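Following: one structure in C-alpha cells, then a few remarks.
Start at 1 and go down the list; that is how both ligands and their atoms are numbered. Note that the structure is a prediction, hence the values are computed from the model and not measured. Numbers here are sequence positions counted from 1.
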Amino acid sequence: LNLAREQARRKVENTATELWYYINARMKELAAASGTGTLNNMVRGMQSDLQGYQTVMTDDFGALREAGGDGELQRKESLRLGNLVQRRLEYLQNPKDCQRAKYVLCDLQKGCGFGCQLHHVTYCLVVAYATQRTLVLHSKGWRYASKGWDSVFMPLSNTCTEVSGSTVHWGVSKSQMDAAKVIQLPIVDSLHPRPDFMPLAIPEDLAPRLNTFHGDPPVWWIGQMVRYLMRPNSHLQEEISSSKQRMGFKGPIVGVHIRRTDKVGVEAAFHGLDEYMQHVDAYFNQREHRESIPQRRVYLATDDPSVLADAKRRYSKYEFISDNGISRSAALGSRYTDSSLRGIILDIHFLANTDYLVCTFSSQVCRVAYELMQTYHGDASAYFRSLDDVFYYGGQNAHNLRAVEPHKAKTKDDLSFDVGDLLGIAGNHWNGFSKGTHRKTSKSGLFPSYKVVNDIVAVKMPTYPEVKE
Ligand code: GDP
C-alpha cells in the first residue's frame, strides 16, 4: 500500500460523497419548489437518473479499493497492526513484578449509561498506554453488574489487579506524578491539565502505517482500546455464539440503532424509522448492483420495544433480526439493572459485526459499535450513515479540519478561509456543507465540506519495543 495513492483515492471518494450529499439535498429543494408541471417532471426524472449515477459511482469506488489486491493488503495490515496494539496492551496490563509496576486507577462509577461508562474506561486505558502505567479498574458494586467488570469481560490483568502505595490525583505537578506509584484519574470532564495524547490523537510510531490503510485513524485507534476492554469472558462468549445461532445473524446485513426513550428531546432529536430505512435501502440498492442479495437483513437495536414490530409490519421486504428479550431489558436501560447489561453488550457486539451502520452518532451506543467495527474490517471508516453528529469522542481534544481549498464567504452565514487554515468542526449537515469555527478569527459559519480534510494529530507515546510484531 502506498500512502500518497491511498490518501488520493480516499480524497476523491470523499469529494464524490459530499458532491452526492449536495446534489441530493438541492434536488429535493428543487422538486419541492417546482410545483406540479413540466419542470417538476423534469426534476423527478433527473433525481431518478442521478440515483443511477450514484449507485454505479459508489460501486466503482468499492472496486477501486479492492483493485490489484489492495483491499486484501489493507485488511491484512489492519489485522497485523491491531494485533500488535493488543499485544502491547497485554504486556502493559500484565507486569511481571507488581511491586515495581506503576499504575493508573480508574473508578467505573460514572453516573451514566453503558456506552458512556465504557468510554470512560477507554480514556483511562489511553492514559495508561500513553504513560506506560498499568490500568486498575475498581468495578465492584457496578450499577450494571454488582460483581463487577469480570462478570462479563476478561479481567484487565491476570497478574496485578489491586494497587497500594503512594497515590496522587491527576493534575499535581509533573514530578509528583512521575514519582507516584498510583495516579488516580477523574472523569474526563474534570481532567486538568489535558494531555496532548487524548483522543483524537494517535500514537506517532503507528501513524505512518495507520494513515495509509485507514480513512479515520483516530477511530481505529479508539476501536483497539475498546476491543481490548470488551474481550468477552467464556460465559459471555457462549452467550454471543448461541444468540448468533438463534437469530441467524449473517451477512450481508446492515446495523440500525434507534435511540429513543430518555434521549429524545433532551440530548437528541427524534428521527422516524423511515429516515433510517432510506439509508438502508440505498445501501442495499448499491450492493445489489454488484451481487444478488437473496434476503435484505437488518440487525435492529433499540431502547424502544415498539420499533421492532413497527419495522416488521412496514418493511416486509426486510428480515429484521434482533435479540429476543433484549428489547425488553433495553427498555430498562436507563434504570441500569444487571439484566440490561447483557442486552446492551450483545447489541453493541452485533451492530459492530454488520457491514454498514445507520444510527445517530449523538448516542454513545452507536459510537462504540462504530469504533469496534473498525477492528473487524480493514477500513470501515466510510461504512456508516449518522443522522445527526459526526463522530466524536466525549472529552476529546480539539477536532480540527484543515482547509485544502480557499473559501470566500458569499453570505453572512458563510465562513471565509485560506488553504492551510485550521477550523474546529461543529458538524456536517450532510447536504454538502459543514459548520465550523475558524481557529484564528474565532468566527463560525458554513462552508462546502469538500474544501477541508481531517487534521490528524500524531503524538509521541511509548513504543513498547519489548513487544515484537
Ligand atoms: P447514549 O445515552 O445513547 O449516549 O448512550 P449510553 O450508553 O450512555 O446510555 C444509554 C443506555 O440506554 C445504554 O447504555 C443502554 O443501557 C440503553 N440502550 C440504549 N440503546 C440501546 C439498545 O439499542 N439496546 C439496548 N439493549 N440498550 C440500549
Side-chain angles (χ1 to χ4, degrees), residues 108-123 139 142-146 149 151-153 187-189 222 226 229-230 232 236 239-240 243 247 249 253-271 273 276 280 298-311 320-354 357-373 384 386-396:
L108 194 48
Q109 308 297 3
K110 185 173 180 181
C112 54
F114 176 80
C116 164
Q117 292 185 333
L118 185 77
H119 275 144
H120 170 56
V121 189
T122 302
Y123 126 72
S139 68
W142 184 20
R143 70 203 332 179
Y144 273 103
S146 50
W149 188 258
S151 62
V152 277
F153 300 121
I187 58 169
V188 73
D189 319 59
I222 297 165
V226 172
L229 293 172
M230 286 189 77
L236 178 62
E239 228 173 291
I240 290 174
S243 292
M247 293 186 298
F249 182 97
I253 186 163
V254 171
V256 174
H257 177 238
I258 302 187
R259 182 75 167 96
R260 295 265 168 85
T261 64
D262 58 322
K263 190 100 173 171
V264 173
V266 183
E267 291 180 357
F270 178 91
H271 294 278
L273 177 64
Y276 295 85
V280 178
V298 166
Y299 183 83
L300 182 67
T302 175
D303 55 340
D304 178 352
S306 70
V307 173
L308 181 63
D310 192 31
F320 288 93
I321 291 180
S322 139
D323 201 87
N324 275 340
I326 286 181
S327 329
R328 242 177 299 124
S329 57
L332 302 171
S334 40
R335 282 194 242 148
Y336 312 113
T337 58
D338 280 16
S339 66
S340 67
L341 179 60
R342 284 191 157 67
I344 183 63
I345 295 173
L346 262 65
D347 270 348
I348 288 173
H349 170 85
F350 288 115
L351 285 172
N353 274 278
T354 59
L357 276 176
V358 182
C359 63
T360 46
F361 271 171
S362 56
S363 171
Q364 310 229 30
V365 173
C366 193
R367 295 208 303 279
V368 172
Y370 177 62
E371 289 153 10
L372 198 54
M373 184 188 207
F384 79 97
S386 167
L387 302 187
D388 53 16
D389 299 340
V390 293
F391 175 83
Y392 66 98
Y393 187 87
Q396 71 191 14

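- Between Met230 and Ile345, the closest heavy-atom pair is CE-CG2, 4.0 Å.
- Scored by the side-chain contact (heavy atoms from CB on, under 4.5 Å) test, Tyr392 finds Arg367, Asp389, Gln396 as partners (sequence neighbours excluded).
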Test log, rule side-chain contact (heavy atoms from CB on, under 4.5 Å), inputs Leu357 and Cys366: CA-CA 8 Å; Leu357 276 176; Cys366 193; 4.2 Å; yes
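- Every N/O-N/O distance between Cys112 and ligand 1 stays at or above 3.5 Å.
- Counting heavy atoms under 4.0 Å from ligand 1, residue Asp347 touches it through the side chain alone.
- By heavy-atom distance, the residue among Leu118, Ile344, Thr302, Ile348 lying nearest atom 28 (C) of ligand 1 is Ile344.
- Contact annotation: for Tyr144 versus ligand 1, heavy atoms closer than 4.0 Å belong to the side chain alone.
- Between Phe361 and Phe384, a ring centre-to-centre spacing shorter than 6.0 Å is recorded.
- Heavy-atom contacts of Ala301 reach the following atoms of ligand 1: 23 (O) (cutoff under 4.0 Å).
- A donor atom on one side chain and an acceptor atom on the other are not found under 3.5 Å apart for His349 and Glu239.
- Below 30°, between 30° and 60°, or above 60°: for Phe391 and Tyr370 the angle between ring planes is between 30° and 60°, a tilted geometry.
- For ligand 1 and Gly343, the ligand atoms under 4.0 Å from any heavy atom of the residue are 26 (N).
- In summary, the atoms of ligand 1 found under 4.0 Å from a heavy atom of Arg259, numbered by their order in the structure, are 1 (P), 2 (O), 3 (O), 9 (O), 10 (C), 19 (C), 20 (N).
- Of all the atoms in ligand 1, the ones that sit under 4.0 Å from a non-hydrogen atom of Lys263 are 1 (P), 2 (O), 3 (O), 4 (O).
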